[in-house]
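Heads up: the structure comes next, in structure tokens.
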Amino acid sequence: MATPAWANGSKPGVPARLDPEIMLIDVYKALAANRLRDAQAKADALVAAYPTFRLGHLVRGDLLLLHTRPIKTFGAAPNAPADKLNNLRDEAIVRLKSLRERPDPEMIPRAILQMRDDQKNVLLVDAKRSRLYVYQRVNGQFKLTSDYYISQGRLGVNKFKEGDQKTPLGVYYITARLPGARLPEFYGPGALPINYPNEWDKANGRSGSGIWLHGTPSDSYSRPPLSSDGCVVLTNPDLKELSASVEIGNTPVIISEDLKFVSKAKWDADRQAANKMLESWRADLETTDPELLRRHYSRNFKAMRGQNLNNWLDKVQQSNLGARKIGVSLRDVTLFRYPDQKDQKELIVAAFTQEATIGKGRHVTRKRQYWAKEGAQWKIVSEVNL
């Protein structure tokens, strides 16, 4: 992790004087330096700027108590409900920790392997840190441009079924932009639905719907870290800013339990290996030899409509119209490493446009493949034509 952003008084793209997290850390810095009056003034400014920021009010209340007696715990206000205090303590911990442990600008999120030229941003949710990071591709490199505190499912992550109050883990896309005027006030200024359950979720029996990135009611600036029914919840100002930067159907959303980072050298090697894996499949597809193609597929292959591996390969052969050799090219390739999950193997999801030339005919298909590492080999465990 790099030097904390708050050490320099700023976060990417956000003026320090307007950002509540920076204002909050300034309160604690003043208190740590035993400048109680200064800390009190900063806390007063925080709640004046963000009157619905309950955590700010709690910190201000603690400071007011400090004028009269020592306090030994965060949220020392008398007679405050224990559950609400615990929620605010949890929010304070993850907010301050995320500011101390910011991603190293020299490192790249491990989940990103390759994006299309027309994909500007990728959103990465780190459930462990209750944080959403926005990375932008700049001259072939990935740069952290902004980040936001988020709330997630009451029971954590790894959603499996409708109503389990968990946030899904996986690679998704923003599918729509819903204005607040069309939604109940609970969702704030709007919502960004994602395509949960995706093909891999469905192939593995995962269900549910209505997983959105959305805001909060007007009487609450933010929500506790674990407080939604599975959605990713941002503050209203953050949602508005984020919504302006996403492209419907084109912006990836990768939700991880614990976001990992790698060096530029490691990222280059992983990206090249993933492209080599895909190129080997493409070359064998051109031969129309079913046995050469079969070696790229897992025995545990699952197709969306219930086909087994033999059914799927028969379908591929039929589409080749009996040709002995075809021309196949791939373009607009995206490669993402799927978030680690305890119940599955290491996974890479590849999406691409396949152009096949068969005699004088030309066939264009958009595909998505899920590759799992089985031993030392990568094998396709699911494939779908989009």
Side-chain angles (χ1 to χ4, degrees), residues 5-6 9-25 45-57 91 94-95 98-99 102-103 119-127 129-138 143-153 167 172-196 210-225 227-255:
W6 52 261
S10 65
K11 279 199 320 187
V14 183
R17 64 183 178 84
L18 297 180
D19 185 86
E21 288 183 326
I22 300 301
M23 297 174 78
L24 183 64
I25 198 68
L46 173 58
V47 298
Y50 296 92
T52 59
F53 188 20
R54 293 170 183 168
L55 178 57
H57 283 281
E91 181 177 345
V94 296
R95 281 183 178 275
S98 71
L99 289 171
R102 296 190 55 74
Q119 290 177 315
K120 299 177 182 177
N121 298 323
V122 56
L123 314 184
L124 298 114
V125 174
D126 187 332
R129 296 172 178 82
S130 293
R131 208 75 185 174
L132 187 154
Y133 299 101
V134 180
Y135 275 80
Q136 184 178 45
R137 193 181 61 245
V138 180
K143 178 182 178 183
L144 176 64
T145 57
S146 53
D147 64 291
Y148 308 101
Y149 165 79
I150 59 100
S151 304
Q152 59 190 283
T167 298
Y172 303 100
Y173 286 85
I174 302 290
T175 60
R177 185 182 283 108
L178 305 180
R182 291 173 47 192
L183 300 172
E185 206 265 342
F186 175 79
Y187 296 100
L192 301 169
I194 64 173
N195 64 320
Y196 174 85
I211 300 299
W212 298 354
L213 280 64
H214 65 78
T216 64
S218 58
D219 64 350
S220 301
Y221 178 75
S222 59
R223 290 169 60 176
S227 62
S228 81
D229 287 332
C231 291
V232 174
V233 182
L234 297 91
T235 70
N236 292 342
D238 289 347
L239 180 71
K240 290 178 181 178
E241 182 176 284
L242 181 67
S243 182
S245 71
V246 304
E247 296 177 302
I248 305 307
N250 204 31
T251 299
V253 181
I254 303 175
I255 307 177

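Because the structure is a prediction, the values reported are computed rather than measured.
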Apply the side chain to side chain contact (heavy atoms under 4.5 Å, CB included) test between I174 and each candidate in L242, V253, N195; give the one that qualifies. V253
Starting at OG1 of T175, measure out to CG of L192 and round the result to the nearest 0.5 Å. 9.0 Å
Residues E241 and S146: side-chain donor-acceptor under 3.5 angstrom: no
Residues R131 and E21 bridged, charged N to O under 4.0 Å: yes
Locate the shortest heavy-atom distance separating P224 from S227; write the atom from each residue and the value. O-OG, 2.9 Å
Output yes when a side-chain donor or acceptor of T235 lies under 3.5 Å from a complementary backbone atom of S222, and no otherwise. no
Would you say R177 and S243 are linked by a side-chain donor-acceptor pair, where the criterion is simply a distance under 3.5 Å? yes
Going by atom type alone, with no hydrogens or angles, which donor-acceptor pairs under 3.5 Å involve a side-chain atom of residues 210-219 and a protein atom two or more places apart or on another chain?
from	atom 1	to	atom 2	distance (Å)
T216	OG1	S220	O	2.7
S218	OG	E185	OE2	2.8

Out of curiosity, Y149 OH to L234 CG, how far, rounded to the nearest 0.5 Å? 10.0 Å
Do Y221 and H57 come within less than 4.5 Å of each other through their side chains, counting heavy atoms only? no
Should R95 and L55 count as side-chain neighbours, where that means a heavy-atom distance under 4.5 Å? yes
Nearest heavy-atom neighbours spanning P193 and L178: CG-CD1, 3.8 Å
Closest non-hydrogen atom pair, I25 against I22: CG2-O, 3.1 Å
How long is the straight-line distance from CD of Q119 back to OH of Y173, given to the nearest 0.5 Å? 5.0 Å
Roughly how far, to the nearest 0.5 Å, is the OH atom of Y148 from the CG atom of L132? 8.0 Å
Q136 side chain to T145 main-chain N or O, any donor-acceptor pair under 3.5 Å? no
Do you know which two heavy atoms are closest between G56 and L46, and how far apart they sit? CA-CD2, 3.8 Å
My understanding is that only residues two or more places apart in sequence, or in another chain, count here; which of them pass side-chain hydrogen bond (donor to acceptor under 3.5 Å, both in side chains) with S130? none
Would you mind telling me which of I194, L239, T167, L123 makes a side chain to side chain contact (heavy atoms under 4.5 Å, CB included) with V232? T167
How would you list all residue pairs meeting side-chain hydrogen bond (donor to acceptor under 3.5 Å, both in side chains) that involve residues 244-255, not counting sequence neighbours? R116-N250, E247-N250
Atom CD in Q152, atom CZ in R223: separation rounded to 0.5 Å? 11.5 Å
Can you check whether D147 reaches R102 side chain to side chain, under 4.5 Å on heavy atoms? yes
